[in-house]
Amino acid sequence: MIQDRHSAGAKFDDEDYPAYTMGRAAEMLEVTQPFLRSLEEAGLIDPQRSAGGHRRYSRRQLRRAERARELIDQGTPVAAACRIITLEDQLAEHTGRPEPGAQS
């Protein structure tokens with residue numbers, strides 16, 4: 001039982017744990033579900049699927065979706081926003097800086 005609690009606690013800290021349903025993710029980001037699907041189609045995020053086939057998003061994916069929403073709200077086309085975010089992530093990886101939106 002203690003081991004189960006330890007692994008459950010690790011999930012709280014795991015940026016890539018798919019904890020959020022599509023509905024909850026859309027609500028948190030104040031976007032529509034089709035918007036999230038469009039980011040998936042553009043290749044920006046790739047949510048995991050539950051046993052029933054429902055999309056599940058991680059905190060890292062939600063941060064990427066939030067950044068996309070910011071860029072799109074400023075008039076950037078979806079494909080360009082996704083490319084910008086991908087390049088930002090690559091730059092952060094190569095410079096050792098945290099990715100945009102990541103908690104320090």
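Values in this document were obtained by computation on a predicted structure and should not be read as measured data. Atom set for the values below is all heavy atoms of this structure, side chains included, hydrogens, waters and symmetry mates excluded.
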Undergrad: Going by the rule salt bridge (Lys or Arg N to Asp or Glu O under 4.0 Å), which residues pair with E27 if we only count those two or more places apart in sequence or in a different chain?
TA: R24

Undergrad: In Å and rounded to the nearest 0.5 Å, what is the CG to CZ distance from L62 to R67?
TA: 16.0 Å

Undergrad: Run the side chain to side chain contact (heavy atoms under 4.5 Å, CB included) test on M22 and R37 for me, step by step, so that the C-alpha distance in whole Å, both residues' side-chain angles and the decisive distance to 0.1 Å come before the verdict.
TA: CA-CA 9 Å; M22 177 179 268; R37 284 192 290 274; 3.4 Å; yes

Undergrad: When you measure from the side chain of T76 to the backbone of A80, do you find a donor-acceptor pair of N or O atoms at a distance under 3.5 Å?
TA: no

Undergrad: Which heavy-atom pair separates P47 from R56 by the least distance, and what is that distance?
TA: CB-O, 3.3 Å

Undergrad: Can you tell me how far CG of D89 sits from CZ of R63, rounded to the nearest 0.5 angstrom?
TA: 9.0 Å

Undergrad: Hey, mind stepping through R55 and T21 against side chain to side chain contact (heavy atoms under 4.5 Å, CB included) and telling me if it holds?
TA: CA-CA 6 Å; R55 291 172 175 87; T21 63; over 6 Å; no

Undergrad: Does any part of the side chain of I72, heavy atoms only, come nearer than 4.5 Å to the side chain of F35, both counted from C-beta?
TA: yes

Undergrad: Under the criterion side chain to side chain contact (heavy atoms under 4.5 Å, CB included), I'd like the reasoning laid out for T86 against R83: C-alpha separation, chi angles, the key distance, then a yes or no.
TA: CA-CA 5 Å; T86 299; R83 182 69 179 137; 4.1 Å; yes

Undergrad: Test of understanding: clusters of I, L, V, M, F, W, Y form through side-chain heavy atoms closer than 4.5 Å, transitively. Do L71 and M28 belong to the same one?
TA: yes

Undergrad: Calculate, to the nearest 0.5 Å, the distance between atoms OH and CG belonging to Y57 and D16 respectively.
TA: 15.0 Å

Undergrad: Under a 4.0 Å threshold between the charged nitrogen and the carboxylate oxygen, would E40 count as salt-bridged to R49?
TA: yes

Undergrad: So, taking the atom named CZ in R60 and the one named CG in D14, what distance separates them when rounded to the nearest 0.5 Å?
TA: 8.0 Å

Undergrad: Which heavy atom of Q33 sits nearest to which heavy atom of G23, and what is that distance?
TA: NE2-CA, 3.4 Å

Undergrad: How many angstroms lie between atom CG of L39 and atom CZ of R69, to the nearest 0.5 angstrom?
TA: 11.0 Å

Undergrad: Are the side chain of R64 and the backbone of I45 linked by a donor-acceptor contact shorter than 3.5 Å?
TA: no

Undergrad: What is the minimum heavy-atom distance between A81 and A68, and which atoms define it?
TA: CB-O, 4.4 Å

Undergrad: Could you state the interatomic distance from CG (L44) to CD (Q61), rounded to the nearest 0.5 Å?
TA: 9.0 Å

Undergrad: In terms of hydrophobic clusters joined by side-chain contacts under 4.5 Å, are Y20 and Y17 together?
TA: no

Undergrad: For a quick test of reading the model, state the closest non-hydrogen atom pair linking L36 to A25 and the distance between them.
TA: CD1-CB, 3.9 Å

